[in-house]
Amino acid sequence: MTELSKHYEPQNVEDKWYAHWEKAGYFHSEPDDRPSYSVVIPPPNVTGVLHMGHMLNNTIQDILVRRARQEGKNACWVPGTDHASIATEAKVVKWLRDEKALTKGEIGREKFMEYAYQWTDKYGGVILQQLKKLGASCDWDRTAFTLDEDRSAHVIQAFVDLYRKGKLYRDYRMVNWDPEARTVLSNEEVIYSEEASQLYHIRYQISGSSEHLTIATTRPETILADTGIAVHPEDERYAHLKGKRAIVPLVNREVPIIFDDYVDPEFGTGALKITPAHDSNDYALGKKYDLEVISMLDEQARVTEEAGLLVGQDRFEARKNIRELLEEAEALAKVEDYVNKVGRSERTQSVVEPRLSLQWYVDMQQLAAPALEAVMSDEVDFYPKSQKNLYRHWMENIKDWCISRQLWWGHRIPAYYYKEETFVAANAEEALALAREHFGDEQIDLEDLKQEEDVLDTWFSSWLWPISVFNGFEDKKELDYYYPTSALVTGWDIIFLWVARMVMAGYEWQGERPFDKVYFTGMVRDKQGRKMSKSLGNSPDALKMIDEYGADAVRFGMLSCSPAGGDLLFDMKLVEQGRNFCNKMWNALKLLQMWEATEEKPSDTQALAEQWMQHRLNALSDRLPGMMEQFRLSEAIMQLYNFIWNDFCSWYLEMIKPEEGHQISNQTYEATRRMYAQIMVLLHPFLPFVTEEIWSHLTEGKSDCTQQRLPEVGEIDSHLLEDMEQARLMVSKVREIRNDKGISGKEPLELLLHGESHRLWEGSFRALLMRMGGLGALGYADKRPDQSVSFVSGTDTFYVPIGEFLDIGAEVEKLKKDLDYAQGFLRSVEKKLSNERFVANAPEAVVEKERVKQRDGAERVQKIQAALDALQGGESK
RNA sequence: GGGAUAUUAGCUCAGUUGGUUUAGAGCACUAGCUCGACAAGCUAGGGGUCACUGGUUCGAGUCCAGUAUGUCCCACCA
């Protein structure tokens, strides 16, 4: 037998096993007659790298999938990546600029796409390799990409289908514009947060008067595009200005003063400037009062000719510069510090600019109805349930979805324009046919059609993911088998961006939910509760952590702090704990490997211990499914942890451990290896590598842990389990006395029961108690022996003679404390029982329980009192 | 402004339809241990008025109302 290393060394183990599993094809799934258990991965960005959030949700998915395999299901976990159009395009643009000194405009669409594919081939998909490091048991043969051929075809088909159903339209509206990526964003892609800024008070002269009116704004540069002033109709300060006009400073434009109750008279000066082109509320007001719309910012948010001033400057530069101009013109009343909400692009972080433009939208009203119903009725089951509220709120107030993006990296919208008409079809040829038919003109050519330049929002492909990864529109066989998927594991932060939309797509195209259950993980935060992010630098390097501690340790760390739905505070200590746990199991293995077996029969202690361990293990196997079912994964892993560390290692192994230099009974030896292997199977979904490694040593490489089915849950003898609890308690009590008095474990002690019989005093428990307590004798006594300490366990009094180690004063103190507690307890029970209404109203079983408590409590008090009397009486003689 | 959710040991959290001891776990802490698997360890120990106030009930950590504090979501306040 090979010598095992002092410590468990994951570095030597993990890659070996992953390669083995993959080579054996254990993670590949094909439809068959078993029930399926399918999971689709939330596709990470193709250019992403593994971070804490991925590790958490992929560990959870892996546990579910591995557990499903153990249950005999045909588990299929589909991996893949998302083309992440904005994020990736931004990276490619930067790369082209930095490395090749090229811009999008210079190279054009086709060339850009070539570079983008080049770039994603080179840097993309790294994250999938990193998932293997974590142990993710994905079916890699099924790896999908939202921009690959099959998925793209599906996206186009979905678009065409929606268009034909009349659920798509184009409209000219105020949108969220990202001036850095130069594209529109959906509402969900804008993140609002409070930021420090300034409130500028600007004086506008009233036309034909020397009077001034002061407005307050956070965006002074946009006054160049002002086309109105608004005040509240009942604001007395401004009542006299009805019908007057104001002059915009610097540009000297005369604009109307309007009266609308949209204005809050309490805020600022109670007067508001109106810039219809650059603010969505102002746009609405402008429409209402038919104001002119002057656009003064281009797609990069630079000031245009229309403004007449500061032309070419960036909006922030212009803001800085306009201050001086306003001061010179004596139009700046004051500037005060102010905190307001600023919306930023989720991907580029640049401040979102409201902008008017023509975009494609999905009409969400009809799509939302069945999707809302599905979640509210738990047909799609949310964990934790509280997320249902959030979902409902959003679905009931749903806005149409802006799906066009002014980007190139993505699915180009299959809309073709000819003259004033729009033709939507899967390809140009079909569009051409439609156009010819519409115009009744066979002379129209492909070249006459102009395809939409915009691509689709990334989420327009992601929402099809649970369908498209099973090639849902080609051949229904896969889809029929795997759909609906079993569980989705994701963060609650993308409940609108992704989860809700998948539910809608599921009902729209499959008429059925996309998944049975959704498990929302929390956000990974650092110990101070801050969200982990690159910019804060508080996110540990995931791969480095795996290298250093092992994937199992990291998985343990992630899991043991992850309440469902709640945020989790990540602490390296937990990863250390995971590493220590692996090491503990490794050392238990080493102990087993050291033993030599003989033909001898097991000792009484060994036989009893083995029986107890098996029942204890059965009880654990029995508890686990319920926890798994409810996604109580951290509870499950803690139960396994405690079971292995305490029950198996600290108690069981110590019970059966042969004396130094002795051999162990073959029967005990084999049973122990078998049970330890069973435990490895239970733990395997959580910590796949270390369990596989230990399994291979226990079974001498004859099979793989990852292929094992869950053991059948055997008989659970609760009397046996209770008796052992009693025995453990007594052993601990004896050890406590040793600790307390400084008596070595080698010094044999006597444990005497006050009375004549005790079920643990005879039979197999006798030997076990003596061995575990380091006892020289186990006997009976009818009174307190000289120089002994006593304790009451249950309703029995026990004595342990300790000779000169006895300290009467300390002993009296201790017993008095026990007595106090026992009396207090008894009083509380008696109080309850003396309450007539309790006895009359509570169920009989509850009352009976209280009576038993009272009897035991009284007996206990009496025994402790007797022990105390004996001690004081005995020594005073 | 509206809503959600949380508040239990020093820390992170369980506590499953109100009733087995006057609340559990892990970590941390304290004391003692080189005992042939493990100091990444062993043995034992201390530690909580369950945020606060009131209510419902025979009985409340658990249900209800309010208060405080935290977190998050939504909303057009320049």
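Just so it is clear, the values below take in all heavy atoms, side chains as well, and ignore hydrogens, waters and symmetry mates.
Between G41(B), A37(B), A40(B), one nucleotide has an atom nearer to the side chain of Trp645(A) than all others, and that is G41(B). Of the candidates C42(B), U21(B), U5(B), U5(B) carries the atom nearest the Ser386(A) side chain, counting heavy atoms from C-beta on. Closest contact between the side chain of Lys6(A) and the listed nucleotides C38(B), C27(B), U20(B) involves C38(B). For Tyr262(A), the side-chain atoms get nearest to A78(B) when compared with the rest of A78(B), U20(B), U22(B). Minimum atom distance to the side chain of Leu653(A) is reached by A37(B), of the listed A37(B), U43(B), A78(B). Looking at the side chain of Tyr641(A), the nearest of the listed nucleotides U20(B), C77(B), C27(B) is C27(B). Of the listed nucleotides (A75(B), A39(B), G45(B)), A39(B) has the atom at the smallest distance from the side chain of His7(A). When distances run from any side-chain atom of Asn646(A) to the nucleotides A78(B), G26(B), U21(B), the shortest one goes to G26(B). Side-chain proximity of Asp264(A) to the nucleotides C38(B), A14(B), C77(B) is greatest for C77(B). Here U43(B) is the nucleotide among C73(B), U43(B), A78(B) with the atom lying nearest to any side-chain atom of Asn739(A).
Asp282(A) comes within contact range of no nucleotide atom at all, as no heavy-atom separation falls under 4.0 Å. Residue Tyr338(A) is classed as a sugar-phosphate contact, given heavy-atom separations below 4.0 Å to backbone atoms only. Residue Cys582(A) is out of contact with every strand shown, counting any heavy-atom pair closer than 4.0 Å. Counting any heavy atom pair closer than 4.0 Å across all strands shown, Arg735(A) reaches sugar-phosphate atoms only and no base atom. Nucleic acid contact class of Lys273(A) (heavy atoms, under 4.0 Å, all strands): none. Note on Ser732(A): only backbone sugar-phosphate atoms sit closer than 4.0 angstrom, heavy atoms only; bases stay farther off. Counting non-hydrogen atoms under 4.0 angstrom, Ser744(A) reaches nothing in the nucleic acid. At the heavy-atom level, Leu272(A) lies under 4.0 Å from base atoms of the strands shown. Using a 4.0 Å heavy-atom criterion, one finds that Gly745(A) contacts no nucleic acid atom at all. Heavy atoms of Arg219(A) sit nowhere under 4.0 angstrom from any nucleic acid atom. Contact annotation for Asn389(A): backbone-only contact, meaning every heavy-atom pair under 4.0 Å involves sugar-phosphate atoms and none involves a base.
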Short N/O separations, protein against nucleotides 54-61 of chain B, under 3.5 angstrom:
| residue | atom | partner | partner atom | Å |
| --- | --- | --- | --- | --- |
| C58(B) | O2' | Asn835(A) | ND2 | 2.7 |

Anything under 3.5 Å between a protein N or O and an N or O of nucleotides 70-72 of chain B, put it in a table, one pair a line.
none

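Phe382(A) and Tyr391(A) have perpendicular rings, their planes meeting at more than 60° on a 0 to 90° scale where under 30° would count as parallel. A parallel orientation is assigned to the rings of Trp645(A) and Phe581(A), their planes being inclined by less than 30° (bins at 30° and 60°).
Nucleotides G47(B) and G66(B), compared at atom P, are 38 Å apart to the nearest Å. A gap of 48 Å separates the C1' atoms of C76(B) and U57(B), to the nearest Å. Straight-line distance between the C1' atoms of U8(B) and U12(B): roughly 12 Å, to the nearest whole Å. For the C1' atom pair drawn from G61(B) and U49(B), the interatomic distance equals 12 Å after rounding to whole Å. For the C1' atoms, the distance linking A9(B) with C29(B) amounts to 12 Å, nearest Å.
Using the Watson-Crick or G-U wobble rule with both distances under 3.5 Å, C63(B) pairs with G55(B). Under the Watson-Crick or G-U wobble criterion, with both distances below 3.5 Å, G18(B) is left unpaired in every strand shown. With a cut-off of 3.5 Å on both Watson-Crick or G-U wobble distances, the partner of U49(B) is given as none. Pairing for A37(B) is absent, judged as Watson-Crick or G-U wobble with the two contacts each under 3.5 Å. Under the Watson-Crick or G-U wobble criterion, with both distances below 3.5 Å, A68(B) is paired with U7(B).
Judged by atom type and distance alone, Lys573(A) does not reach the base of C27(B) through any side-chain donor-acceptor pair under 3.5 Å. Residue-to-nucleotide contacts include a donor-acceptor pair under 3.5 Å from the side chain of Glu654(A) to the base of A37(B).
Defined by atom type and a distance below 3.5 Å, a donor-acceptor pair is missing between the side-chain atoms of Tyr8(A) and Glu693(A). Side-chain polar atoms of Lys273(A) and Thr222(A) form a donor-acceptor pair below 3.5 angstrom.
By the stacking rule of 5.5 Å between ring centres and under 30° between planes, Trp586(A) does not stack on the base of C38(B).
Residues Glu221(A) and Arg219(A) are in side-chain contact: their nearest non-hydrogen atoms beyond the backbone lie under 4.5 Å apart. Lys733(A) places none of its side-chain heavy atoms less than 4.5 Å from the side chain of Phe798(A).
Ring pair Phe556(A)/Tyr641(A): centre-to-centre distance below 6.0 Å.
Positionally, the nearest nucleotide of RNA chain B for Met638(A) lies more toward the 5' end than for the other of Met638(A) and Lys657(A). Mapped onto RNA chain B by nearest heavy atom, Glu635(A) and Asn340(A) fall at different nucleotides, with Glu635(A) at the one closer to the 5' end.
Annotation: the span from Lys863(A) atom NZ to Asp856(A) atom CG amounts to 10.0 Å, rounded to 0.5 Å.
For the pair Lys385(A) and Tyr383(A), the cation-pi test (distance below 6.0 Å, angle within 45°) is passed.
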Stepwise side-chain hydrogen bond (donor to acceptor under 3.5 Å, both in side chains) check, Ser744(A) with Glu747(A): CA-CA 5 Å; Ser744(A) 153; Glu747(A) 189 86 18; 5.8 Å; no

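Nearest approach of Glu659(A) to Arg771(A), heavy atoms of both residues: OE2-NH1, 3.4 Å.
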